[in-house]
Engineer: 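Submitted below is the structure of interest, expressed as structure tokens.
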Protein chains: 2
Amino acid sequence: MTDTIFSVVTVDVLPLTYDPDGQVVRYGLHRRPAPPFEGELALPGVVVHSGERLEAAARRAVDKLHLRADPVALGQLRTFDEPSRDPRGPSLSVAMWAAYPSLRMGEDTGDSLWPEIADLPALAFDHTAIVATTRELLPALLWQDMPFTRAITGERFTATDAVAITRQLTRHDVHRANLNRALARIPGLAQAGTAPAAGGRPPKVWAWA
Amino acid sequence: MTDTIFSVVTVDVLPLTYDPDGQVVRYGLHRRPAPPFEGELALPGVVVHSGERLEAAARRAVDKLHLRADPVALGQLRTFDEPSRDPRGPSLSVAMWAAYPSLRMGEDTGDSLWPEIADLPALAFDHTAIVATTRELLPALLWQDMPFTRAITGERFTATDAVAITRQLTRHDVHRANLNRALARIPGLAQAGTAPAAGGRPPKVWAWA
DNA sequence: TCAAAAGTGTTGGCTATACACCCATGG
DNA sequence: CCATGGGTGTATAGCCAACACTTTTGA
């Protein structure tokens, strides 16, 4: 083996989900069961097998979260190449997003951890930097990349959900009225009645075609 | 060697340059000197060494163009993972852009080929698809990603150059007046007199800080 | 009937677009 | 002094942010 010619490539996944109860966008972590960084928090990642598709590797990676649910959609973010990112030796890491249907925290999430997207604890490897960098890419995807958006929102969502998702991913406020008008211009999105509300006017429901 | 754990990773580079004489944006190709695809046109690419930075690999790759000039700036585009993209076996390819100062065609380009960005001949490997996909990412970089933009335009450029670059990268028309106003709002860009013209009013010169 | 939550309407400002017109140069 | 190419000004439309106001529900 000419060891300079073969590389270790990992896929590190940013699992995302929107929790409509708390109206919070969260990302998934697990505690590493083995060295290096045993016991520390990390994004789910695997070494990519030769010939394996990145999406297939990402699906293997998220198995580490031990969820019953599967990601609805996956996509590429960017590739990290800092040679010292893994103490075991040089590796490349392709960062990908994986959007899940809404998960009931605790009940559906097992031993995985789901901090809010605004929170960033210290993580294993260079995962703190990966989260910091890649979550800045998400505003460009929301309401622009439809597979991503549709997977995050789910098939039906209220205008209030849309406001919450937008505010958390873009980190600045949106006005409900203006967002509703923006949603009306998105092809494939249509109004579908209203949703029951707790103590207020029932919000508009948007549904994907 | 556990052959499923190590991957072949290549960097394939989209070398870009703006030719102010013809006012054309071009990308660089070379004829492959060896199998596979011997004699066919291809993007310059190399196998990434273990522990090598992607930018370093990209700089090695563009050596295949045999240019005297070096790229002014480089950046990542996306990663291609189709397993059959190379007949020698599965590999990943990280596509990167590399922006060159303006090159006099023929004189500065040696045996490399520089088609206009709108042209896409049949290329070796999956390079036709790589060019087709990645050139769609360039409109998002122009006038947004300053290292990219500055490297493409060079330190000084006329308003006419700006129109030509924009039209070719975005594939739709811009009006000179409006583009000039947009440029005026870009931090770091300032007017710097005018350039000699051939048979018309001398165009405004823009210069980077 | 009130508070809470959300929809609707309206305004002002900004940006984009298109066009008309004016200006500087070379021949 | 004319053709050429480029700058400048302006009108219009569209979009966006902000805010006031109205509507719908549950208590």
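Since this is a predicted model, take the numbers as computed values, not measurements.
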Engineer: Taking the minimum atom-to-atom distance to the side chain of B:Ala177, which one of C:dT8, D:dT24, D:dG9 wins?
Structural biologist: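 Per side-chain heavy atoms of B:Ala177, the pick is D:dG9.
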Engineer: Applying a 4.0 Å non-hydrogen cut-off, can you work out what B:Thr160 is touching in the nucleic acid: base, sugar-phosphate, or nothing?
Structural biologist: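 Here B:Thr160 touches the backbone only, sparing every base.
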Engineer: Start at the 5' end of DNA chain C and walk down; is the nucleotide closest to B:Arg185 or to A:Lys204 reached first?
Structural biologist: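 Closest to the 5' end, via its nearest nucleotide, is A:Lys204.
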Engineer: In whole angstroms, how far is the C1' atom of C:dG7 from the CH2 atom of A:Trp206?
Structural biologist: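 Result: 11 Å.
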Engineer: For A:His172 and for B:Gly200, find the nucleotide of DNA chain D with the closest heavy atom, then tell me which residue's nucleotide is more 5'.
Structural biologist: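 On the 5' side of the pair lies B:Gly200.
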Engineer: Please give, in whole Å, the distance from C:dA6 P to A:Phe157 CZ?
Structural biologist: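 About 15 Å, once rounded to whole Å.
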Engineer: Considering every strand and a 4.0 Å limit on heavy-atom distances, what is the contact class for A:Ala182: base, sugar-phosphate, or nothing?
Structural biologist: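 No contact.
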Engineer: Give me the atom names and distance for the closest heavy-atom approach of A:Met105 to A:Asp19.
Structural biologist: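 Closest pair (atom of A:Met105, atom of A:Asp19, distance): CG-OD2, 4.3 Å.
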Engineer: Going by heavy atoms in the side chains, are B:Arg167 and B:Gln23 under 4.5 Å from each other?
Structural biologist: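 A side-chain contact is absent here, since even the closest heavy-atom pair is not under 4.5 Å.
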Engineer: Below 4.0 angstrom from OP1 or OP2 of C:dA18, is there any side-chain N or O of B:His175?
Structural biologist: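 For B:His175, the contact criterion (side-chain N or O under 4.0 Å from OP1 or OP2 of C:dA18) is met.
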Engineer: Give, for atom CG of B:Leu189 and atom CH2 of B:Trp143, the distance between the pair rounded to the nearest 0.5 Å.
Structural biologist: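 Separation between the atoms: 7.0 Å.
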Engineer: In whole Å, what is the span from the CG atom of A:Asn180 to the C1' atom of C:dT8?
Structural biologist: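 The distance from CG of A:Asn180 to C1' of C:dT8 comes to 10 Å, rounded to the nearest Å.
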Engineer: Regarding A:Thr153 and A:Trp208, is there a side-chain donor-to-acceptor distance under 3.5 Å anywhere?
Structural biologist: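 Judged by distance alone, the side chains do pair up.
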Engineer: For C:dA16, take OP1 and OP2 only and decide whether either is under 4.0 Å from a side-chain N or O of B:Asn178.
Structural biologist: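 No, no such contact exists.
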Engineer: Nearest whole angstrom, please: distance from the P of C:dA18 to the CG of B:Asp173.
Structural biologist: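 Going from CG in B:Asp173 over to P in C:dA18 covers 9 Å.
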Engineer: Nearest-Å distance, CG (A:Leu183) to P (C:dG7)?
Structural biologist: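 So the two atoms are 10 Å apart, to the nearest Å.
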Engineer: Check the phosphate of C:dA20 against B:Arg176, side-chain N and O only, distance under 4.0 Å to OP1 or OP2. Yes or no?
Structural biologist: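 Answer no for this pair, as no side-chain N or O of B:Arg176 is under 4.0 Å from OP1 or OP2.
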Engineer: How close or far is atom P of C:dA16 from atom CG of B:Leu179, stated in whole angstroms?
Structural biologist: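 Distance check: B:Leu179 CG to C:dA16 P gives 10 Å.
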Engineer: Please state how far atom CG in A:Asp161 lies from atom C1' in C:dA6, giving the value in whole angstrom units.
Structural biologist: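 Rounding to the nearest Å, CG of A:Asp161 and C1' of C:dA6 are 13 Å apart.
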Engineer: Could you please name the option among C:dG9, D:dT8, C:dT8 that lies closest to any side-chain atom of A:Arg181?
Structural biologist: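 The nucleotide sitting nearest to the side chain is C:dG9.
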Engineer: It should be established whether B:Arg201 places a side-chain nitrogen or oxygen under 4.0 Å from OP1 or OP2 of nucleotide D:dA3.
Structural biologist: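 For B:Arg201, the contact criterion (side-chain N or O under 4.0 Å from OP1 or OP2 of D:dA3) is not met.
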Engineer: Answer yes when A:Glu38 and A:Arg31 have at least one side-chain N-carboxylate O distance shorter than 4.0 Å, and no when they do not.
Structural biologist: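 A:Arg31 and A:Glu38: not salt-bridged.
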